[in-house]
Every structure is written in structure tokens, then in C-alpha cells.
Amino acid sequence: MSDRIHTLSGYFHEYQKSVTEPEKFWARIADSFHWQKRWDKVLEWDFEGPDIKWFVNAKLNITENIFEKHLYTLGDRAAIIWEPNDPNEEGRTITYRELYHEVCRFSNALKAKGIKKGDRVIIYMPMVPEAAVAMLACARIGAIHSVVFAGFSSSALADRVNDCGAKAILTSDGNYRGNKKIGVKSVVDEALEKSSVDTVIVYQRTGQEVTMKEGRDHWWHEVIEGEEDTNKAEVMDSEDMLFILYTSGSTGKPKGVVHTIGGYMVYTKYSFENVFQYSPGDVYWCTADIGWITGHSYIVYGPLLAGATSIMFEGVPTYPDAGRFWAVCEKYKVNQFYTAPTAIRALQAHGTDPIEPYDLSSLKVLGSVGEPINEEAWHWYHTHIGKTRCPIVDTWWQTETGGIMVSPIAGITPTKPAYATLPLPGIQLCIVDNEGKIMTGNSVEGNLCICFPWPGMLRTTYGDHERCKQTYFSTYKGMYFTGDGVKRDHDGYYRILGRVDDVINVSGHRMGTAEVENAINEHPLVIESAVVGYPHEVKGQGIYAYVISDMKNRTEENLVNEIKDTVSKIIGPIAKPDKIQIVSGLPKTRSGKIMRRILRKVAEGSLDNMGDTSTLLDPEVVTEIIDGRK
Ligand code: WT7
């Protein structure tokens, strides 16, 4: 516990040390973990390559730092509390000892199916404890997991399976979400039509009928039968891959962000304990899905490395009603609650009545993640959920950063609505202008970069190191570029302003405009399309698509629905455009570049000043687009 920050001066002191002597700082933090062999060197780095190594040549297994390290002292403590979708179904509490045995048993089963160190395993599962067991079992035997959010379509799943060359898929028969029962295995079957995956393991959740392919598909409960519930963890190098997680960017298909074992382990536990000020015995709940990085770092790895009790929730915020989150908080006496602004805004729309019946006095800390939290939502959260008593930690970070980068330390850093406030120890931020010049001093606004490595950072993008270099390390030389705009105010506090690239953030989910355009263009009648984000009351940003299409004999309504279905099929329902406007042309410059600035303005409804349109090939289309605005 000596790594815990307790006071504001303590934070500044630690921050200072982490910048002046980073290797000494991180070596001290890393010392509290169990390493089979200590590192030769704390850090080797070069942001040109990029080539980053933390805890060089150290050997370890991350699961030994969750289980072996905790079993004697915390064996009977709840590791995971599972709350099912249906409040009338009984939940499950799984202790560290039970989880250890489950992970060992399942990892033995994976080995028996021929899965070994270095193999890639896709996890396409709903929010059941077995999803965490699956991740940890992979880590236990040195297989690399890649969790794919179970809301993605079969073609999005197939892309990921093929990109990482997965050997196995771990999945379920179906999935409960609100009042819906959704097929999961059927999506896997479709994705695997043209693939060489030779092992599929299916966890039975809904009991619905599925087709099992002889020789390839196995039931979870059958493969673990007779397997030992202990084993020895595989010896891994600190820089071996722990997982791949696919995320969207401004160009091309989603890329596989790679995290390695040692640094990710140290960073997620350190950031978890400090940001949330987690104390032993507290009950912590993060409402994310394990398909996203938040679920990886702050449902599974960070909390379990810290010996915490982590709630895993299968359902949705509004089922059976808009009081569900608060019912769960009361039921388990939740101390730290971590959710996304989009969920807060959705619940805000239901008013405060759904909160009234519940006792929220156990809450100590509230967290926010995924997108900028607007001041109104911040105040609602603070007043009605935190009863003005709980500090809010607005945590800024990314899939690529592995863990929280800019955030208040709960109860210690004075907060300001909509501000992520200050960087965690070890995080060296800088703001650069569009020419790459570093902007010093306060009251400045520009592009957010990070100019020194931190242990949780990505190491590469799977199978394409050049893409990693181009995307993150080439825009501004010698720096990691986040893609976000930021303001540093007169107090030196950071406020994230949102993406400055062609990425939109829909309900905290990252979407590349190019990716959505490509999906729209798959519709046979679509000639061209352009996608932009626009402010959306609940989602933060909505998706607005301009489409040039040969209508044939369809009505506009039919065509719009068909296009939405196409996007759902190719990516998943989360990428479905909120608005589609059929146009006869797009505003292009003489060199053929779409002027997105204009499309964004129209989508957000600021119609009076279109800026300079003199370089447009055909200024007429702007008038048409404005007139047909959705
Ligand atoms: C992008 C990363 C990291 C977990 C969830 C999203 C935006 C994230 C905040 C915040 C303002 C935020 C950024 C970032 N973002 N948290 N607290 N305030 N913006 O992970 O899918 O990798 O997306 O989400 O734009 O770049 P992700």
C-alpha cells in the first residue's frame, strides 16, 4: 500500500519523482509484484521505431499476481460478483480461490485442445464470469486473447479472426440483454464460414438451440470435465503479448492494438488503486463491457491484481427500469461506481424518481469514462447519485494507453466539472500546435501528445508495425499523438475537447468515419457517401451520413432503412447512422477532396456561416444539402 497517494502534496511529490527519475519510480512500483525473474533494465525506448520495452528480460505470469499472490490472504474474498440481466435470477459470487480453480481448470482444457503459448484466441462472449475466466485462462498458458464485443456483426468478427490468425474462439450459445435473447453462436458460425479456426468452445448461457459442428465445436462444461483445478502458470517474458484489442481509427479497417504483460500489469493496478482510492474490502463496480479496454483494465486486470471485489453486470441500465444501476449499488453496497457519460445522460432523461427508492449511502467515488462529460451531466451525477458527497473522477485515456492517463485522484485532486484535471504520475503530456510546436504555459489549446513512455502503452498494432508508427508516432516527431484536442486552463488543468481526426465517439464507442462510409458503400445502390459526427443529446455524438444513391424504384424511406441494415450487418448495430440524407452531390474541392468542415456544420445545424466555399467545384450542392437537412 506504500504506492498509494494520500494527499495533494503527495501527488505532486510522486509526479515530480516520476518525471525526474522515471526508471527509479516505476521500479519501485513494480517491486510489489511477483516476478519469477527480475528485470535487467527498467526501460528501453525509442519513439521513432517505435520500440518500447518495460522491465526488460523480466519473467512473470500476470495470473500469479492475481492468484498465487493473493490466495493465502484473500482466498475467501469475493473476486467477482456477477449480477445477471434479470434481477430475479440469482447472481453469483466467486471468491479468489474459486476463480483460481476455474481459471486453472479451463486453462488445462485449452491446453488439452492444443492451444499453446503465443496462439491467438478470440473471446466473443456476453458479460458472464466465464468471459473473465476465459481471458485469465489464456494469460495463464501464454495464449494471446482478443476479446471482440458481442454486439459486433459476423463480418466484423470474421475480419478480426482473420487479422490475428485466431486458432480458437470462445463463445456462448446466446446472450440476454434487457428483454431480448440474442443469438451469439449463430454469429460465430457465420463468421467462420470461410476460416480455418479449428476449435470453438461454447458456454451455455441461454440454453437456446445452436448447431454444433462435429470435431470443431465443444461445450464449455464438457471440455472442463475431469480437468485438474490447479496448474503451473507458463513462464512469460515481460514483453510477450498479453492481448490484442481491435479499435477504429481515421483510416482503414480497425487495427489490433497490442499490449504486453509486464508494463500493462504494473500500470493497471497502480492506476486503479490510486484513481479510485480503492481500500481492501471495498466493492467496486465498472459498468463497461469486457469487449472494450475499460472492461479489460478496470473490470478484470486492474481490480483483480489489486485483490479487489469487482462487480460484473450482464444487463443494461434501463432494464427492467431506469433504477437498475441504483438497485445494484444498494444490493451490493457499492463503494466505487464507474460508468460512461452516455449512460448518465440516458438516465438523466428519466428524471430522479427512479433513484428515490434506493439507498446510495455506500458510494464513495464516482467515475466517468469514454467521452467528454458535459457540465450538465456532471452536476446531475454529482448531485443526484453522489449526493454532493462523492468526488467524481473524470478519467481520460484510450485503448492504446492501456490505463487511465489524466484524472483526478479521488477525493484528493480538487475537481472541476468537465475537466479530467491532471496527469497521473509517470504521464508526461504536451500540447502541440498544428505545426508540431510545443505550447508552453497555461491557457493554451491544441493537440494532445505524450512525450515519454509509460508502462501501459501499446507496443504495436498486430501484424503491421508500420501502421502503428504512422498512426501514432509520425504526426508529431518524437511524440505519441492521441488524436484528441485539449485545453490547459489558467490553473494548469486539462480539459479534453474531443477528437481532432476523422474519428467520432458514439456513446463512448470509437468509430472511424471511413469505416462507416465503407460499410454504407457496400449497399449496391450507393454511389458515394460521407459520414460526420454531430452533437447528440444522449450519445454524445450521433452519426450523420450523406449518401449519393441511385434510388431505382425505392422510396427514400426504404433506401434509408436498407442502408442502416447494411451497416448493422457489416459492423454492428452500434455503427448504424442516426441520420441519412440522400444528396445528389458532395461538396468537393477542385482536387476532389470532400470538404467535411461544411458537412459537419450542416449536420450540427450551424447554417449561417459556411466559411470559405470559394475552392468548391460546385457551390450549388451546399444549398441543396442545407435545404435537405435532416
Ligand atoms: C477516446 C478513446 C478509454 C476508455 C474508453 C474509450 C475519448 C475517453 C474520455 C474522457 C474526454 C474521453 C477520447 C479518446 N475519451 N475518455 N474522460 N474525456 N474524452 O476508449 O475507444 O479507445 O476511445 O475516447 O476522445 O481519444 P477508446
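Just so you know, ligand 1 is whichever comes first in the structure, and atom 1 is the first atom listed for that ligand.
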Sub-3.5 Å N/O-N/O distance, Ile293 and ligand 1: no
From Thr399, Asp484, Ile496 - option closest to atom 13 (C) of ligand 1 by heavy atom: Asp484
Contacting atoms of ligand 1, where contact means under 4.0 angstrom from a heavy atom of Thr395: 9 (C), 10 (C), 16 (N), 17 (N)
Under-4.0 Å salt bridge between Lys255 and Asp464: no
Geometric N/O contact Thr247 with ligand 1, under 3.5 angstrom: no
Check: Thr482 N/O within less than 3.5 Å of ligand 1 N/O: no
Ligand-residue contact atoms, ligand 1 with Asn505, heavy atoms, under 4.0 Å: 7 (C), 24 (O)
Close N or O approach (Ser368, ligand 1; < 3.5 Å): no
Element-labelled atoms of ligand 1 that are located less than 4.0 Å from some non-hydrogen atom of Thr294: 4 (C), 5 (C)
Arg510: numbered ligand 1 atoms lying under 4.0 Å from its heavy atoms: 2 (C), 21 (O), 22 (O), 23 (O), 27 (P)
The one among Gly370, Pro372, Gly498 that brings a heavy atom closest to atom 7 (C) of ligand 1: Gly370
Basic-acidic side-chain contact under 4.0 Å: Arg324, Glu314: no
Atom indices of ligand 1 within 4.0 angstrom of Asp394 heavy atoms, with elements: 10 (C), 17 (N), 18 (N)
